[in-house]
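I have placed the structure first, in the form of structure tokens, so that the comments after it can refer back to it.
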Amino acid sequence: MNLHFNQSLAKNYNSQAQKIRVLSEAWVKNNGYCPNCSTQPLAEFANGRPVADFYCSNCNEQYELKSKKAKLSNVINDGAYKTMIERINSEDNPSFFFLTYSKECTVNNFLIIPKHFFKPDMIIKRKPLSITAKRAGWVGCNIDLRQVPESGKVFLVKNQQVILRKKVTQQFQKTLFLREQTQQTRGWTLDVWQCIDKLDNKFSLQQVYAFANELRLKHPDNNHVDDKIRQQLQVLRDKGIIEFVSPGHYRKLY
């Protein structure tokens, strides 16, 4: 995998944003592959398709690319709020590639967050543009990556080190069980998983119970939060995300 952008492709563009779009999309087309089935290369959608750039011709996974100079932040600026919400709630919502690059136009990090980790509350509505703006009233959004469990961040390149393709596909496929859940059930699984992320590798049921108030705020219609916590721990255990060590004690497997 070549980690350098082919800068000659952008010589006819004046806008820096256009240059980066051309360079990053060309890089993914030439170096990227489908994290689900390992097919290479990825196919490109026609320009102008909302919230999608690439797709896999073998398994039909869809991917949207977000590129940024320097570090990957926890909150990513994105496009129209309404469009994003509609797409992540649709049956063919895309997974997201995030690419960070250096001032020398070298890829620092390239990762994917599979679509089943996205929830509506991760999409933060921005203030409408002022009446003096060219697109007055337009409402954009941000993507809050802090709500994604660490296992949901699948690196293909990390700190300029290429990750073995086999490891990438294994990590991607290990979380596909989330697609079998309803949106409500998946929300509970991800919320409990995120709580576990904040704990040490070995943790207790009582430590997870400590997040009950936080979970109650996210799920105000549920009056049995402790029961729900135990249920989701069993789901994560059955799917190989955590393992049972002894009564009331668990260990992470990621």
Side-chain angles (χ1 to χ4, degrees), residues 1-73 76-79 83-84 87-88 90 92-118 143 145 148 150-176 179:
M1 184 180 286
N2 183 354
L3 299 184
H4 303 287
F5 288 164
N6 181 1
Q7 297 185 58
S8 66
L9 298 174
K11 63 183 180 181
N12 294 326
Y13 294 87
N14 294 320
S15 164
Q16 186 62 23
Q18 287 180 319
K19 288 180 179 180
I20 293 304
R21 178 184 60 79
V22 169
L23 294 178
S24 60
E25 288 183 359
W27 184 87
V28 172
K29 183 178 180 181
N30 292 325
N31 296 276
Y33 57 89
C34 178
N36 181 46
C37 69
S38 198
T39 294
Q40 188 178 23
L42 294 171
E44 290 183 284
F45 279 116
N47 289 337
R49 184 182 176 92
V51 201
D53 293 313
F54 299 94
Y55 66 95
C56 175
S57 58
N58 181 53
C59 69
N60 297 318
E61 287 287 320
Q62 297 185 25
Y63 303 100
E64 167 77 357
L65 174 64
K66 302 295 178 185
S67 302
K68 182 181 179 181
K69 189 175 181 179
K71 294 182 178 180
L72 177 68
S73 59
I76 305 295
N77 293 332
D78 199 58
T83 300
M84 176 61 76
R87 286 291 277 132
I88 68 169
S90 68
D92 63 341
N93 60 310
S95 297
F96 280 79
F97 280 131
F98 293 96
L99 185 153
T100 65
Y101 58 93
S102 68
K103 62 180 180 180
E104 295 82 17
C105 288
T106 299
V107 175
N108 289 330
N109 296 285
F110 182 49
L111 68 151
I112 184 172
I113 296 180
K115 65 181 184 180
H116 42 273
F117 284 96
F118 280 84
I143 304 173
L145 299 185
V148 180
E150 288 306 306
S151 289
K153 301 170 184 176
V154 184
F155 283 87
L156 290 76
V157 178
K158 188 172 186 178
N159 298 325
Q160 297 190 1
Q161 297 297 312
V162 179
I163 308 301
L164 288 175
R165 189 177 300 200
K166 181 179 179 180
K167 183 176 181 180
V168 171
T169 55
Q170 286 176 341
Q171 185 178 351
F172 185 96
Q173 292 176 356
K174 190 172 184 178
T175 64
L176 289 177
R179 297 188 184 182

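A 4.5 Å side-chain heavy-atom check between Tyr63 and Pro94 finds every atom pair outside the cut-off. Taking the side chain as every heavy atom from C-beta outward, Gln62 and Phe54 never approach each other to under 4.5 Å. In this structure the side chain of Tyr13 reaches within 4.5 angstrom of the side chain of Val22, judged on heavy atoms. A heavy-atom distance below 4.5 Å is found between the side chains of Glu61 and Ser95.
Checked by atom type, the side-chain pair Thr100/Asn108 shows no donor-acceptor distance below 3.5 Å. At a cut-off of 3.5 Å, with distance as the only test, a side-chain donor of Glu104 or Ser102 sits close to an acceptor on the other residue.
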- Message: Using the rule given for side chain to side chain contact (heavy atoms under 4.5 Å, CB included), can you reason through Val107 versus Phe5, listing the C-alpha separation, both sets of side-chain angles and the distance that settles it, and then say yes or no?
- Response: CA-CA 8 Å; Val107 175; Phe5 288 164; 3.7 Å; yes
- With side chain to side chain contact (heavy atoms under 4.5 Å, CB included) as the test, would you mind laying out the steps for Lys69 and Tyr101 before giving the verdict? CA-CA 5 Å; Lys69 189 175 181 179; Tyr101 58 93; 3.7 Å; yes
- Candidate pair Val157 and Ile163, rule side chain to side chain contact (heavy atoms under 4.5 Å, CB included), full reasoning: CA-CA 6 Å; Val157 178; Ile163 308 301; 5.9 Å; no
- Go through Met84 and Ile143 one step at a time and tell me if the side chain to side chain contact (heavy atoms under 4.5 Å, CB included) criterion holds. CA-CA 10 Å; Met84 176 61 76; Ile143 304 173; 4.2 Å; yes
- Kindly indicate, with the supporting measurements, whether the criterion side chain to side chain donor-acceptor pair (under 3.5 Å) is fulfilled by Ser73 and Lys68. CA-CA 9 Å; Ser73 59; Lys68 182 181 179 181; 2.9 Å; yes
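Evaluated for a side chain to side chain contact (heavy atoms under 4.5 Å, CB included) with Phe117, the options Val154, Leu145, Val148 yield exactly one hit, Val148.
The shortest non-hydrogen separation linking Ser57 to Asn60 is O-OD1, 4.5 Å. A pairwise comparison of heavy atoms in Phe155 and Val168 identifies O-CG2, 3.4 Å as the closest pair. The minimum heavy-atom distance between Phe172 and Pro35, with the atom names listed, is CB-O, 3.6 Å. The minimum heavy-atom distance between Lys29 and Pro41, with the atom names listed, is O-CB, 3.6 Å. Scanning both residues, Thr39 and Leu42, for their nearest heavy atoms gives O-CD2, 4.5 Å. Nearest heavy atom pair, residue His116 against residue Arg179, reads ND1-NE, 2.9 Å.
Listed for the Asn31 side chain is no donor-acceptor partner under 3.5 Å among the backbone atoms of Met1. Between the side chain of Asn159 and the backbone N or O of Gln161 there is no donor-acceptor pair closer than 3.5 Å.
Residue Lys66 holds its NZ atom at 7.5 Å from CZ of Phe98, rounded to the nearest 0.5 Å. In this structure, Leu9 CG and Ser24 OG are separated by 11.0 Å, a value rounded to the nearest 0.5 Å. Note that the CG atom of Leu176 and the CG atom of Asn36 stand 5.5 Å from one another [nearest 0.5 Å]. Atom CD in Glu64 sits 6.5 Å away from atom CG in Asp78 (nearest 0.5 Å). The SG atom of Cys34 sits 11.0 Å away from atom CD of Gln40, with the distance rounded to the nearest 0.5 Å. In this structure, Ser67 OG and Asp53 CG are separated by 8.5 Å, a value rounded to the nearest 0.5 Å.
Under 4.0 Å is where a charged nitrogen must lie from a carboxylate oxygen, and between Glu25 and Lys19 no such pair does. Between Arg87 and Asp92, at least one side-chain nitrogen of the basic residue sits less than 4.0 Å from a carboxylate oxygen of the acidic one, meeting the salt-bridge criterion.
Taking the six-membered ring where the residue is Trp, Tyr55 and Phe45 present tilted rings, their angle falling between 30° and 60°. Between Trp27 and Phe110, the two ring planes are perpendicular [angle over 60°; tilted spans 30° to 60°].
With Phe118 as the aromatic partner, Lys115 does not meet the cation-pi criteria of under 6.0 angstrom to the ring centre and within 45 degrees of the ring axis.
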